[in-house]
Structures are given as C-alpha cells and as structure tokens.
Amino acid sequence: MALQFSRLGPHMGIAAEGLDLSVPPPAGTVAELRAALLEGLVLCIRGRPLAPAAYVAAMRAFGAPRAQLGAHRLHPDAEEIMILSSEDRDVRGDGSRIVIGAAWHTDDSFMAVPCSLTILHGVKVPETGGDTQFVNMYAAHDALDAETRRRLDGLRVVHRYDSSRKANRVNTRTAAEVALTPDVDHPIVRTHPETGRKALYLNPNRMEQVVGMERAESDRLLDALIAHATEPRFQYRHKWSPGDILIWDNRCTMHKANADYPEGSRREMHRIILEGTRPV
Ligand code: SIN
C-alpha cells in the first residue's frame, strides 16, 4: 500500500497510512511526513505495535531523542523510551494511580531549551476512553484581538517545574531532581523556527508568573489566555487505535491525557521526546 494522508480533525491532525516502520523510513518519506506534521501539528502514523529498538530507530528520522526525567519509568530495553502506563502508581507517595499529563500542557517548558516534538506509541490502548486532546496554539494566537496581541508583545513568563498555580503539586521530588530544573522564562508568544508562524506559548502546569507583573494581574491574564486557548474551537481529540504512533509539535500545541478508561483496562504508551531550540 502506498503512503496516504488524510485529515483527522477540522482544526488539526493528519493521519498517514501505508508505512512499514519496522525499518527506518527513507529520506523522501521522512520529508513527506515532516511536511504533514508542520501542516497538521499532530501526525498519526497508523501501524502495528513496534519493538522498542525498531521504534527508536524509526523515530530518529525526526530528530535526536532527548533524555527524560523519571528514571523509574524508562524502558528496560531502550533508555530513550519512557513508559506511561495505566499501572503507574505513586511509588514515593501513597501508592495511588498516576496519570501523567492529565492537565493541559506543552512538554518540557520548564527547560530553557524545551523538546520540539513528542512521540507517543500506543502499544496497548483501552477499548473506551484514554483519548489525547490537543489545541492549536497558532489558531489560538491568531484569534486574539489586536489589543490583546499588543499587550502580549514582549511579555515573558517564568516557568517552574512545581508551579504554585498547578492543581496537583509535586511534593516527592529529591533534592537532586529539584536541582535539575531551575526556573526559566519564555516568551508568551513564540515564533515557530520552521514555519515562522506565531503561536501562544502557555503551559498551565508550569507557568508561575508573568515577568515584571504583579501577581494578581498576572494570574488574571494567564487564566484568561488558558481559557481562550482551550476552547473547543481550537481542539482535536485523538481516539487511539493499537499501534498508532502520534507525533506532535510542542512549539504550537498543548495537549492532555484523559484518565476516563475503566479500571482494569490497560493503556501503555511509549514516549520519546526530541531535542528542540530555545523559544523566541
Ligand atoms: C503526555 O502528556 O505526554 C501523555 C499524553 C497521553 O498519555 O495521552
């Protein structure tokens, strides 16, 4: 079957079918896939679950994998892969179920140089629930009125791993882990390094405060922008099929996992993140 593309949602999302990723894709195919990703922001490559080594080898075509925090979640056969599982439990806390990424976020914004792309491979997917939702942050930016855009011009936001604005605070990190993630600041509107388009750059999980703005005003502004960016008109909701490889662009999207699948059904995602560039 030849490589075929189709649209997934009205606002974003492109599916690619007809690829055999048990061997790394040739350069021409990678160029087509990259173009589809830049256009669709989220690219779903349909296929069968891949063994870890084949998955990592194929995804290297999109960039260099970056080390991920949380050594206890790394795949025993491939350190580039983090396993996100319905069996995850808070081993350092009370043992309760953990769902990574259940609130809107963009990956790695607590780093000075965040990852560019995230890749998630649905090795086991529940029959119902467990969708991943996305928002198009170009569209959210473009829909702002002119006065708000002027107000945002030049603003920067402190991103903190354990932001005090976050609903679920992290209180079980070791001193070594804390030392790895000092505060950073990023522009509130960033320009995509490949498309040149402007996107809102928000992370409700990690944003602490607008630089130079009094706390209450900063909270009001960030809350209003988050409410705007997560409106349904900017969203795509991905329903997983087993074997899907979903690649998304963290420079112009936010996403969240849904923990609404029944207790006892299995969800196992293999996650790779790729090196990025400093937001400007
Ligand atoms: C993530 O936020 O990286 C995980 C998303 C998901 O599991 O659907």
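Quick caveat: nothing in here was measured; it's all calculated off a predicted structure. Each ligand, and each atom within it, is numbered from 1 in the order the structure gives. All residue numbers in this chain count up from 1 along the given sequence.
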N or O contact, [X] vs ligand 1, cut-off under 3.5 Å:
{"X": "Lys256", "answer": "no"}
{"X": "His255", "answer": "yes"}
{"X": "Asp131", "answer": "no"}

Item to complete: Closest by any non-hydrogen atom to atom 6 (C) of ligand 1: pick that one out of Ala257, Ala103, Ala102, Gly122.
Response: Ala257
Fill in: Arg267, Met269, Glu268: member with heavy atom nearest to atom 7 (O) of ligand 1
Arg267
Item to complete: Would you please classify the geometry between the Tyr161 ring and the Phe110 ring as parallel, tilted or perpendicular, with 30° and 60° separating the classes?
Response: perpendicular
Worksheet item: Does the separation of the ring centres of Phe234 and His228 fall below 6.0 angstrom?
Response: yes
Discussion item. Can you confirm if the aromatic rings of Trp104 and His255 lie within a centre distance of less than 6.0 Å?
Written reply: no
Fill in: Geometric cation-pi criterion, Arg34 with Phe62: 6.0 Å, 45°
no
So if I count the atoms of ligand 1 from 1 in the order they appear, which ones are less than 4.0 Å from some heavy atom of [X]?
{"X": "Leu84", "value": "4 (C)"}
{"X": "Leu120", "value": "5 (C), 6 (C), 7 (O), 8 (O)"}
{"X": "Thr132", "value": "6 (C), 8 (O)"}
{"X": "Gly101", "value": "2 (O)"}

Worksheet, complete the sentence: At under 4.0 Å between heavy atoms, what of Asn258 touches ligand 1? The answer is neither
Fill in: Distance-only donor-acceptor check, side chains Thr253 and Tyr236, under 3.5 Å
no
Discussion item. Does either side chain, that of Asn203 or that of Thr106, offer a donor lying less than 3.5 Å from an acceptor on the other one?
Written reply: no
Worksheet entry | CZ/Arg278: more than 12 non-hydrogen atoms of other groups inside 6.0 Å | no
